[in-house]
Protein chains: 2
Amino acid sequence: MANSVFSALGHPLRRQVMALLRKGPKTSGELAEAFDASWPTVSRHLNVLKEADMITAERQGTSILYRANTSVLEDAAASILALIGQDNGDDDDYKEAAE
Amino acid sequence: MANSVFSALGHPLRRQVMALLRKGPKTSGELAEAFDASWPTVSRHLNVLKEADMITAERQGTSILYRANTSVLEDAAASILALIGQDNGDDDDYKEAAE
DNA sequence: ATCAAAATTAGCGGTCAAGCTAATTAAGAA
DNA sequence: TTCTTAATTAGCTTGACCGCTAATTTTGAT
């Protein structure tokens, strides 16, 4: 969902995780070592990304492999562009519409 | 900056404000009436958007006109696409890089 | 069964976001 | 000046987020 994806992107560490995963899957340990933050802290950020469906986790023996889910990011970019597109969505009243 | 833009997009009311402003400038009052939230609440959301440089405010007599700043959203969309692009940014170590 | 490594969960303290009502500023009209 | 309307700021409460250390789970090896 849009809320969780944009909120997840709001933290620089999480954007950097996505940038790292762009180049291929990585284990939690590899990701944790790439940052100054403690391992539990990185792990929690990974969980935020997973909740937003931006990454997938797969057990690989003793480690867990994370992969980026690029389609969610494509959708996010598209929804931003829709916000500034000229195609007219002509309703003006958002009362009761907020989640 | 990326942090504030994505965080701002994390709230549905703020995305809806941007969607409304896509169709032309509006006063704070017009925006406040479009939502269920109280006027002060909407006003604070507008301030978040302004801090993120996503809108501009201009006094117009007794009202204040808000306009969308589309270039910031274009940049945001581009930076998401960069996160999933194939062009190789070959550094793997984000230690000390987090803000 | 035991041990070590990988990773998450629990728990704590501090800060920040979100909503409201009430009070205050700013501008224009009478 | 005084009054009304537009909008923000102030103050408060609630809940979420962020970082850490310590404890727990899970897997695989001995």
Side-chain angles (χ1 to χ4, degrees), chain A residues 1-18 20-21 25-68 94-99, chain B residues 1-18 20-21 25-68 94-99:
Chain A
M1 183 227 281
N3 278 0
S4 52
V5 173
F6 288 126
S7 298
L9 287 172
H11 197 291
L13 189 146
R14 292 192 289 255
R15 286 197 303 277
Q16 288 160 357
V17 167
M18 296 308 292
L20 282 177
L21 291 182
K26 295 216 175 350
T27 66
S28 178
E30 290 176 307
L31 291 169
E33 282 193 0
F35 297 95
D36 255 353
S38 71
W39 198 338
T41 293
V42 173
S43 183
R44 199 162 43 112
H45 284 298
L46 291 174
N47 197 50
V48 171
L49 292 170
K50 197 168 66 178
E51 289 296 314
D53 202 32
M54 295 164 70
I55 59 175
T56 60
E58 181 195 352
R59 186 122 228 165
Q60 202 81 3
T62 173
S63 301
I64 293 184
L65 259 197
Y66 284 96
R67 278 180 236 271
Y94 285 92
K95 280 179 182 170
E96 307 284 341
E99 307 163 32
Chain B
M1 183 224 284
N3 277 0
S4 51
V5 173
F6 288 125
S7 297
L9 287 171
H11 197 291
L13 188 147
R14 290 192 291 253
R15 286 197 303 278
Q16 289 161 356
V17 166
M18 296 308 293
L20 281 178
L21 291 182
K26 295 215 175 348
T27 66
S28 179
E30 289 175 308
L31 291 169
E33 281 193 2
F35 297 96
D36 255 354
S38 71
W39 199 338
T41 293
V42 174
S43 182
R44 200 163 42 112
H45 283 298
L46 291 175
N47 197 51
V48 171
L49 292 170
K50 197 167 66 175
E51 288 296 314
D53 202 31
M54 296 164 71
I55 61 175
T56 59
E58 180 196 353
R59 188 121 225 166
Q60 203 81 1
T62 174
S63 301
I64 294 184
L65 259 196
Y66 285 96
R67 277 180 237 271
Y94 286 90
K95 282 181 182 170
E96 309 283 341
E99 307 164 30

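Just so it is clear: chains get the letters A, B, ... in the order the sequence lines come, proteins before strands, and each one is counted from 1. Note that the coordinates shown come from a computational prediction; the quantities given were computed from them, not determined experimentally.
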Nearest to side-chain heavy atoms of [X], which nucleotide of [options]:
X	options	result
A/Arg59	D/dT27, D/dA7, C/dT8	D/dT27
B/His45	C/dT21, C/dT8, C/dA18	C/dA18
A/Leu46	C/dT8, C/dA26, C/dC20	C/dT8
B/Arg44	D/dG28, D/dA7, C/dA18	C/dA18
A/Thr62	D/dT27, D/dC18, C/dT21	D/dT27
A/Ser28	D/dT21, C/dA7, D/dT8	C/dA7
A/Ser38	D/dC20, D/dA6, D/dC18	D/dC20
B/Tyr66	D/dT8, D/dC18, C/dC20	D/dT8

Could you tell me the separation between the [atom1] atom of [X] and the [atom2] atom of [N], rounded to a whole number of Å?
X	N	atom1	atom2	answer
B/Phe35	C/dA18	CZ	P	14 Å
B/Glu33	D/dA6	CD	P	8 Å
B/Trp39	D/dA7	CH2	P	4 Å
B/His11	D/dG15	NE2	P	16 Å

Between B/Thr41 and A/Ser43, which has a closest nucleotide on DNA chain C that is more 5'? A/Ser43
Using a 3.5 Å distance criterion without hydrogens, assess whether the side chain of B/Arg14 forms a donor-acceptor pair with backbone atoms of B/Leu9.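 Pair absent, no side-chain N/O of B/Arg14 close to backbone of B/Leu9.
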Main chain of A/Met1, side chain of A/Ser4: is a donor-acceptor contact present, judged purely on distance under 3.5 Å? yes
Residue met sooner reading DNA chain D from 5', once A/Gln60 and B/Ser63 are mapped to nucleotides: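 Closer to the 5' end of DNA chain D: B/Ser63.
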Judged by each residue's nearest nucleotide on DNA chain D, which is more toward the 5′ side, A/Val48 or B/Lys50? B/Lys50
